[in-house]
Protein chains: 2
Amino acid sequence: MSRVTANIFRKYLSPFGVTNSQLTLLFILAKRDGLSQKQLSEIAVLEKSSLHRNLIRLVDAGLVAKEAFPLIKITDEGKSLVNEVIPEWRKAMDEIKSKLEGEGLLALDTLTDKLLS
Amino acid sequence: MSRVTANIFRKYLSPFGVTNSQLTLLFILAKRDGLSQKQLSEIAVLEKSSLHRNLIRLVDAGLVAKEAFPLIKITDEGKSLVNEVIPEWRKAMDEIKSKLEGEGLLALDTLTDKLLS
DNA sequence: CGCATTGGGTTGTATATACAACTAACAATG
DNA sequence: CATTGTTAGTTGTATATACAACCCAATGCG
């Protein structure tokens, strides 16, 4: 299920040049800017080293800035991107939800049955 | 959500020395042995190159054999492992389900709201 | 005041994953 | 029969992720 949903997100997000994880971080910063890596990693449920490396890519892309180190801030460019992406992100969520619901209320049960029957 | 669930699986599976993905493949082969990589990759929704590399690790671990190449077969050791692991795997699933249900019927909605509010 | 402890951040390493490019082998058709 | 075309499998590369080990700074306590 992780792979299926990640594939759907990727399909909708790739035109924007951001990955699934990167967008999650941008969403968090767009809502509450100026977090430490520690805080970000807790909110995103992302190991601190993984977060660290994601940030490198976001800074390289100019979507996030470490100027106020140790605080992490989203740039104006990052904010614009978030706003542009949201409609496509919603489409991805809709596709995921219909896929999950289409296969029974809790797709996990179905998967369990299929795997362990 | 992918990270949260992967972490739960990892917690229960690590004592057995298999990863989440590897176990999925073993489950599939335990149910229907002797598949081509192509078939396996379709069933597991796993890109063929990713599958290829997972198989290398499974073969190294002696859980899967490529003797009947191009058919992939689970070894007796692999089958035993699957049987040993299933109870722990169920515990992981239970923990995941209670986490999902505990946060509202479709946790995805909650997540959406949290992220985009 | 100095040493120890703690905690955030960084780096090393292994696995996971996808996409793209390639190879090899088999098939179909002129 | 040879050339072409398709397809499974492999390899190259970039990102994602976790865990473990580290470093460095700040703080606390003897």
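Each chain gets a letter, A, B and so on, in the order the sequences are listed, and its residues count up from 1.
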Which residues, if any, of residues 6-16 of chain A bring a heavy atom under 4.0 Å of DNA chain D?
none
If I take atom CG in residue B/Leu58 and atom C1' in nucleotide C/dT15, what distance separates them, rounded to the nearest angstrom?
12 Å
Test of understanding: with side chain to side chain donor-acceptor pair (under 3.5 Å), list the residues that count as partners of B/Arg53, not counting sequence neighbours.
none
Nearest whole angstrom, please: distance from the P of C/dG8 to the CG of A/Leu40.
13 Å
Which whole-number value in Å describes the distance from B/Met1 CE to D/dA16 C1'?
18 Å
Quick one: salt bridge (Lys or Arg N to Asp or Glu O under 4.0 Å) partners of B/Glu47, sequence neighbours excluded?
none
Which pair of non-hydrogen atoms, one from B/Ala44 and one from B/Ile28, has the smallest distance, and what is that distance?
CB-CD1, 3.8 Å
Less than 4.0 angstrom between a side-chain N/O of A/Ser21 and OP1 or OP2 of D/dT15, yes or no?
no
Quick one: list whatever passes salt bridge (Lys or Arg N to Asp or Glu O under 4.0 Å) with B/Lys66, sequence neighbours left out.
none
Would you say B/Gln37 places a side-chain N or O within less than 4.0 Å of OP1 or OP2 belonging to D/dT10?
yes
Could you label the plane-to-plane angle of the A/Phe27 and A/Trp89 rings as parallel, tilted or perpendicular, counting under 30° as parallel and over 60° as perpendicular?
perpendicular
Test applied, side chain to side chain contact (heavy atoms under 4.5 Å, CB included); reference residue, A/Asn54; option that passes from A/Ser21, A/Ser49, A/Ser41:
A/Ser21
Does the salt bridge (Lys or Arg N to Asp or Glu O under 4.0 Å) test come out yes or no for A/Lys91 and A/Glu95, once each step is laid out?
CA-CA 6 Å; A/Lys91 286 185 199 166; A/Glu95 185 170 332; over 6 Å; no
Kindly write out the residues that satisfy salt bridge (Lys or Arg N to Asp or Glu O under 4.0 Å) with A/Lys48, not counting sequence neighbours, or none if the list is empty.
none
Under a 4.0 Å heavy-atom cutoff, the residues of residues 41-57 of chain A touching DNA chain C are A/Lys48, A/Ser49, A/His52, A/Arg53
B/Thr19 or A/Ser36: which one's nearest nucleotide on DNA chain C is closer to the 5' end?
A/Ser36
Could you check A/Asn20 against B/Leu71 and say which one's nearest nucleotide on DNA chain D is further toward the 5' end?
B/Leu71
Phosphate OP1/OP2 of C/dT17: any A/Arg3 side-chain N/O under 4.0 Å:
yes
Measuring to OP1 and OP2 of D/dT10, would you say a side-chain N or O of B/Lys66 lies under 4.0 angstrom away?
yes
Quickly work out the B/Gln22 CD to C/dA16 C1' distance and round it to whole Å.
10 Å
Figure out the CG/C1' separation between A/Asp60 and D/dT15, and round it to whole Å.
13 Å
Can you tell me which residue among A/Val64, A/Thr75, A/Val82, A/Ile43 is in a side chain to side chain contact (heavy atoms under 4.5 Å, CB included) with A/Leu29?
A/Val64
